[in-house]
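Accompanying notes for the structure given below.
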Amino acid sequence: MSSKLFNHTTKDGGVTLQIRKVSPLVATEIRKKFPAPRPPMTKVDYGDGNFEMEPNADHPSHKMALEDYQLMLEEKVRRAYLKLGCVSVPDMELVGNTRAALLEIGIDLSAESDEFVFINYVAVASSDDYNDLIQAIINRSVPAEADIKAASDTFRPDVQG
């Protein structure tokens, strides 16, 4: 069984990609695999010589760690959505040129698929393209109100009798 595909053209890149729905469980699994950093413990004086260690979420190093964590998590989710939500037939000449240009400045994309290089570095030509593409995948992946209503209408009421 194949997923239904939808066309999406990047505005600045001018490339038409096919997008498909991505399960919301993908983001959930990523969050489970990469949990947020825990706050450092701080010694708290409750008076009369009574001290206890408590987590300090307001500690500056924890706030910085949380910012870094949020950026990392967002990047992993976006990357997964692009890998799972986009289908394309890469222009191999453009992929080769992109790989070569980035390798010249020390960025080796040999571990990435041709499709991923094409989508991320050719089709997506601006931050607007990137955000629009991610948003298009998310919008397709979230059930519409009508779909939710139709599904809920199929449930039989709890009738006692």
Side-chain angles (χ1 to χ4, degrees), residues 1-39 57-58 61-159:
M1 177 186 258
S2 65
S3 302
K4 187 171 181 182
L5 299 173
F6 306 90
N7 287 335
H8 175 84
T9 302
T10 57
K11 291 175 188 163
D12 297 322
V15 174
T16 299
L17 303 167
Q18 291 186 308
I19 60 172
R20 62 177 160 228
K21 294 180 178 189
V22 175
S23 170
L25 296 178
V26 169
T28 300
E29 290 301 320
I30 292 171
R31 278 193 224 56
K32 283 176 18 184
K33 175 73 176 166
F34 301 97
R38 293 183 178 184
D58 291 327
S61 66
H62 181 65
K63 286 184 174 185
M64 286 177 35
L66 274 180
E67 284 181 30
D68 291 345
Y69 168 76
Q70 290 298 337
L71 290 173
M72 178 274 302
L73 188 67
E74 182 178 326
E75 178 59 26
K76 287 191 180 298
V77 170
R78 284 176 173 247
R79 188 174 181 92
Y81 269 57
L82 287 178
K83 282 192 175 232
L84 296 171
C86 290
V87 177
S88 72
V89 177
D91 179 322
M92 295 310 293
E93 181 179 352
L94 291 174
V95 168
N97 292 343
T98 300
R99 285 183 191 277
L102 290 175
L103 190 56
E104 281 183 28
I105 60 169
I107 299 171
D108 182 4
L109 297 176
S110 62
E112 300 294 350
S113 70
D114 292 335
E115 187 176 42
F116 191 73
V117 171
F118 181 70
I119 291 165
N120 280 274
Y121 303 104
V122 177
V124 173
S126 68
S127 59
D128 285 343
D129 277 353
Y130 185 67
N131 291 328
D132 290 348
L133 180 56
I134 292 292
Q135 197 58 52
I137 295 167
I138 290 170
N139 288 347
R140 289 287 180 196
S141 301
V142 174
E145 281 297 320
D147 295 337
I148 294 169
K149 170 96 173 82
S152 68
D153 287 347
T154 65
F155 291 104
R156 292 188 285 167
D158 187 19
V159 178

Please report the interatomic distance CD1(I107) to CZ(R99), rounded to the nearest 0.5 Å. 13.0 Å
After noting the C-alpha distance and the side-chain angles of L102 and I105, does the key distance pass the side-chain contact (heavy atoms from CB on, under 4.5 Å) rule? CA-CA 5 Å; L102 290 175; I105 60 169; 4.0 Å; yes
Rounded to the nearest 0.5 angstrom, the CG-OG1 distance for L17 and T9 is 7.5 Å
Atom pair CG/OG1 of L103 and T98 - distance to nearest 0.5 Å: 12.0 Å
Side-chain touch V77/R31, heavy atoms, less than 4.5 angstrom: no
Closest approach of F34 to Y69 (non-hydrogen atoms, all atoms of both residues): O-OH, 2.7 Å
Closest heavy-atom pair, C86 versus I137, reported as atoms and distance to 0.1 Å, is SG-CD1, 3.8 Å
So, taking the atom named CG in N97 and the one named CE in M92, what distance separates them when rounded to the nearest 0.5 Å? 11.0 Å
Side-chain touch Y130/L82, heavy atoms, less than 4.5 angstrom: yes
Ion pair E75/R78, N-O distance below 4.0 Å: no
Check whether any side-chain N or O of Y81 sits under 3.5 Å from a backbone N or O of Q135 as a donor-acceptor pair, and report yes or no. no
F6 side, atom CZ; Q18 side, atom CD - distance, nearest 0.5 Å: 10.5 Å
I'd like to know if the side chain of T10 reaches the main chain of V124, judged simply by a donor and an acceptor atom lying under 3.5 Å from each other, with no hydrogens or angles considered. no
Can you give me the closest heavy-atom contact between V95 and F118, atom names plus distance? CG2-CB, 3.7 Å
If you count heavy atoms of other groups shown closer than 6.0 angstrom to CE of M72, is the number above 12? yes
Note, V122 side chain near D91 side chain (heavy atom, < 4.5 Å): no
If we count only N and O atoms by modelled type, under 3.5 Å, do the side chains of D108 and S110 hold a donor and an acceptor together? yes
Summary of salt bridge (charged side-chain N to carboxylate O under 4.0 Å, His left out) pairs that have at least one residue in residues 130-139, sequence neighbours excluded: K11-D132
NZ/NE/NH1/NH2 to OD/OE distance under 4.0 Å, E112 and K83: yes
Minimal heavy-atom distance between K76 and I30, with the atoms involved, is O-CD1, 3.7 Å
Could you pull out the closest heavy-atom pair between H62 and A57, with the gap in Å? CD2-O, 3.3 Å
In terms of heavy-atom contacts, H8 and A136 come closest through ND1-CB, 3.7 Å
Using modelled atom types only, decide if a donor and an acceptor are shared between the side chain of D129 and the backbone of D12 within a distance under 3.5 Å. yes
Separation between CD1 of I138 and CG of L133, rounded to the nearest 0.5 Å: 10.0 Å
